[in-house]
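To start, the structure itself, in structure tokens.
Just so it is clear, the structure is predicted and the values come from calculations on it, not from any experiment.
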Amino acid sequence: MQHLLNLLAPFGRMNVFQEIVWFVSPHQRLDQLDEFIMRIDEAFGKSATQTVVNNNTEMRMIYSSARRNHMSFVFTTGAEDPIMKVFSKVLLGRHFYVSMVIYVDKVGDMHPIYDLLTFAYNQQFFNSMVHFESMEGVNQLFGVSKFPVMSFENRTDFLKYMGKIWKQVQNARSDVGGFGFTTPLRQDLPHLFQSQGHYDGSTYRIIETFVRFINGSFKELIMPPDSLGGQVINMKDALQLIRERKMEFCAHAYALFMSDEELEKSYPLLVVQWCLMVPLYNSVSTYFYPLQPFDWNVWFFALGALLALVLLELMWLRMFGGWSGYRGAVLNSFCYIINVPIEGQLQQPCLLRFLLLATVFFHGFFLSAYYTSNLGSILTVNLFHAQINTMNDIVSAQLPVMIIDYEMEFLLNLNKELPQEFLELLRPVDSAVFSEHQTSFNSSFAYFVTEDHWEFLDEQQKHLKQRLFKLSSICFGSYHLAFPLQMDSSLWRDIEYFTFRIHSSGLLNFYARSSFGSALHAGLVQRMPDTQEYTSAGLQHLAIAFILLLVMSFLAGIVFVLETLSR
């Protein structure tokens, strides 16, 4: 007890720790335990709160009020002691901080200590130490290091060890001694891909720079070919490899993380929205240009006004005389609404008749003026159909929506209120099929896409006058683009500081712009050629006027023949 107090008391005066957590095994039998806790409280009581844990594996210190540096004490009888499981679970997300694992029995054989150090290695407690007393009464401290290979270290000379750690802090980086980090290196446009014999990509260049910064390297983890025989990444499988601790972190950045206690992510490189990219419809035929100046409801009201004038004309002629049949009434009303005066009706109108004709003339003047000016503007450009921009538009167009199968699980977990009509349009496929259709701009589907991926794909069609796809306003949330890594990774702080500096410097934008050129040289994408020549609409729209003239002339000829035969 006195040895540990002499070792740790100076930290109490330095106010280094804000929290002390005690893990006490039910199997230990230490008479001085209560006294030791009280004396630690006297040393650290001014700066740190204390928590004692026995068997509560549901508790998480990461959610406690004290969220800064803490120190833990573990009284254990060995690596198989149940308190070790409690120790690992309660401190989930805080394994990086200092812990003192106190082996309560005297040690003659080092195997129990090595088992505890192996436990510390497997659970990422690299800044923790195992304290024990030998049969000769000598107090010793041992720890474990991971890089470049797993090794047990004698840290009994505590001041020397702290000097080493302080030097590492001053260097602001770890040195892994050439350690090879295992990770898949698959096709993941625009983040990672192979081009001209080497790996490239917007986020890969960042993580590759980080690995070289800590004196490490990448060692490719071979994964089975995708369903099409290619090398497209399956992020669900990659994340599972991290959960199983088969790799420290993944070189593939990702945004759609499903939160759990076995997977962590780095400081975000970018905040991206997850939206739908939808195909653009073709242009409107110039034969329909004469209908475009007015919306359909305006045409509806214009037709209603014509019918109202016909009825008013019939009523007027029936009441005040001058009946000439319904043909004349329809013709007169049509002339009124298109702003053409009728000579016979304007010779001696009464006051009411004058006001009626003046009102119709007034409205007809502005209606025809608006129509001709708007039509003149339309004839100078190419018109396109109204584009898909909402979920209702997707449902109305019955456009299938392609999504990666494991991302569909993510979508359904976070969006419980999606319309059933929309869910029926979802087409889950594996990542290889999805990548092939999306990258080649297959317009038979809409696609889920993150903003950074869309900006990369949009480069293919930037030279087109009429683009093939657009990013719609149908979005399903904003997410952090980050690197997946093991929970409580020993490199967590190094990656955190490095990615924060990358995020602040804007280097990701530079890499994102240059990655398209590399993918273009590799043949993974292409610039869409623009083969269509666009000019003004010309006089094609006048064809409908001549067609109507011919049709009406034909009908007039038929009527003339019928009248002649009936006569």
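Asp200 places no side-chain N or O within 3.5 Å of a backbone atom of Ala519 that could act as its donor or acceptor partner. Judged purely by atom type and a 3.5 angstrom limit, Asp295 has no side-chain atom pairing as donor or acceptor with the backbone of Val298. Side chain of Arg186 to backbone of His252: no donor-acceptor contact under 3.5 angstrom is found. Remark: the backbone N or O of Glu436 is not paired with any side-chain donor or acceptor of Thr439 at under 3.5 angstrom. Within the 3.5 Å criterion, the main-chain N or O of Arg205 finds a donor-acceptor partner in the side chain of Thr209. Using modelled atom types, one side-chain atom of Asp226 and one backbone atom of Val232 make a donor-acceptor pair closer than 3.5 Å. Under a 3.5 Å cut-off, the side chain of Ser174 and the backbone N or O of Val176 do not form any donor-acceptor pair. One N or O on the side chain of Thr499 and one on the backbone of Glu496 form a donor-acceptor pair closer than 3.5 Å. Side chain of Tyr406 to backbone of Met235: a donor-acceptor contact under 3.5 angstrom is found. Under the 3.5 Å distance criterion, the side-chain polar atoms of Thr372 are matched with a main-chain donor or acceptor of Ala369.
Ring geometry for Phe294 against Tyr371 counts as tilted: the plane angle lies between 30° and 60°, on a 0 to 90° scale. Relative ring orientation between Phe456 and His453 is described as tilted, the plane-to-plane angle lying within the 30° to 60° band. In this pair, Phe210 and Phe498 present their aromatic rings tilted. The plane angle is within the 30 to 60° band. Phe448 and Phe476 have tilted rings, their planes meeting at an angle from 30° to 60° on a 0 to 90° scale. Ring geometry for Phe179 versus Phe181: interplanar angle over 60°, hence perpendicular rather than tilted (30 to 60°).
Taking 4.5 Å as the limit, every side-chain heavy atom of Asn389 sits out of range of all side-chain heavy atoms of Ile474. Using a 4.5 Å cut-off on side-chain heavy atoms (C-beta onward), Glu208 and Phe218 make contact. For the pair Met258 and Asn413, the minimum side-chain heavy-atom distance is below 4.5 Å. Looking at Glu153 and Val144, their side chains never come closer than 4.5 Å, going by heavy atoms from C-beta outward. Proximity of Met71 to Tyr97: side-chain heavy atoms (C-beta onward) are nowhere separated by under 4.5 Å. Tyr479 places none of its side-chain heavy atoms less than 4.5 Å from the side chain of Val271. Contact annotation: the side chain of Phe152 approaches that of Thr118 to within less than 4.5 Å [non-hydrogen atoms, C-beta and beyond]. Here the side chains of Val278 and Ile394 are in contact, with some heavy-atom distance below 4.5 Å.
When every heavy atom of Thr182 is checked against every heavy atom of Met247, the shortest pair comes out as O-CB, 3.0 Å. Smallest separation of non-hydrogen atoms from Gln461 and Leu468: OE1-N, 2.8 Å. Between Val272 and Ala255 the shortest heavy-atom distance is CG2-CB, 4.0 Å. Between Tyr204 and Ala251, the closest heavy-atom pair is CD1-CB, 4.4 Å. When all heavy atoms of Pro419 and Met391 are compared, the closest pair comes out as CD-SD, 3.5 Å. A pairwise comparison of heavy atoms in Cys475 and Gln273 identifies SG-OE1, 4.0 Å as the closest pair.
Evaluated for a side chain to side chain contact (heavy atoms under 4.5 Å, CB included) with Asn234, the options Pro184, Ser227, Ser431 yield exactly one hit, Ser431. Of the residues Glu455, Lys462, Gln460, the one that meets the side chain to side chain contact (heavy atoms under 4.5 Å, CB included) test with Phe516 is Gln460.
The distance from atom NE2 of His437 to atom CZ of Arg427, rounded to the nearest 0.5 Å, is 12.5 Å. Within the model, atoms CG of Asp452 and OG1 of Thr203 stand 8.5 Å from one another, a figure rounded to the nearest 0.5 Å. Distance check: Ser151 OG to Tyr121 OH gives 9.5 Å after rounding to the nearest 0.5 Å. Residue Leu411 holds its CG atom at 6.5 Å from CG of Leu426, rounded to the nearest 0.5 Å. If you take OH on Tyr254 and NZ on Lys265, they are separated by 11.5 Å, rounding to the nearest 0.5 Å. Distance check, rounded to the nearest 0.5 Å: OG of Ser489 to CD of Gln124 gives 5.5 Å.
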Run the side chain to side chain contact (heavy atoms under 4.5 Å, CB included) check on Trp454 and Glu451 step by step: do they pass?
-> CA-CA 5 Å; Trp454 164 252; Glu451 278 182 312; 5.6 Å; no
For the pair Arg467 and Asp458, evaluate side chain to side chain contact (heavy atoms under 4.5 Å, CB included) and give the outcome as yes or no after the intermediate values.
-> CA-CA 9 Å; Arg467 297 192 178 187; Asp458 191 39; 2.9 Å; yes
Could you walk me through whether Ser202 and Ser515 pass the side-chain hydrogen bond (donor to acceptor under 3.5 Å, both in side chains) test, one step at a time?
-> CA-CA 6 Å; Ser202 56; Ser515 64; 4.9 Å; no
Please test Val429 against Met402 for side chain to side chain contact (heavy atoms under 4.5 Å, CB included), starting from the C-alpha separation and ending with a verdict.
-> CA-CA 7 Å; Val429 296; Met402 190 175 288; 3.6 Å; yes
Give the C-alpha distance, both sets of side-chain angles, the deciding distance and a yes or no for side chain to side chain contact (heavy atoms under 4.5 Å, CB included) between Glu244 and Glu262.
-> CA-CA 9 Å; Glu244 296 171 357; Glu262 298 177 328; over 6 Å; no
Check step by step if side-chain hydrogen bond (donor to acceptor under 3.5 Å, both in side chains) holds for Tyr199 and Glu220.
-> CA-CA 11 Å; Tyr199 290 102; Glu220 183 176 1; 3.0 Å; yes
Using the side-chain hydrogen bond (donor to acceptor under 3.5 Å, both in side chains) rule, take Asn442 and Ser440 through it: C-alpha gap first, then chi angles, then the decisive distance, then the call.
-> CA-CA 6 Å; Asn442 182 356; Ser440 61; over 6 Å; no
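Among residues at least two apart or in separate chains, side-chain hydrogen bond (donor to acceptor under 3.5 Å, both in side chains) pairs with a member in residues 392-403 are Thr390-Asp393. Applying the salt bridge (Lys or Arg N to Asp or Glu O under 4.0 Å) test to residues at least two apart or on different chains, the pairs with a partner in residues 404-425 are Lys236-Glu409.
Listed by chain and number, the residues in a ring-ring contact (aromatic ring centres under 6.0 Å, His included) with His95 are Phe125 (sequence neighbours excluded).
A salt bridge links Glu261 with Arg60: the distance from a Lys NZ or Arg NE/NH1/NH2 to an Asp or Glu carboxylate oxygen falls below 4.0 Å.
Counting non-hydrogen atoms of other residues, nucleotides and ligands closer than 6.0 Å to NZ of Lys470 gives a total above 12.
Ring to ring, Phe500 and Tyr267 are close: their centroids are under 6.0 angstrom apart. Annotation: Phe441 is in aromatic contact with Phe469 [ring centroid separation under 6.0 Å]. Taking the six-membered ring for Trp and the full ring otherwise, the centers of Phe257 and Phe410 sit at least 6.0 Å from each other.
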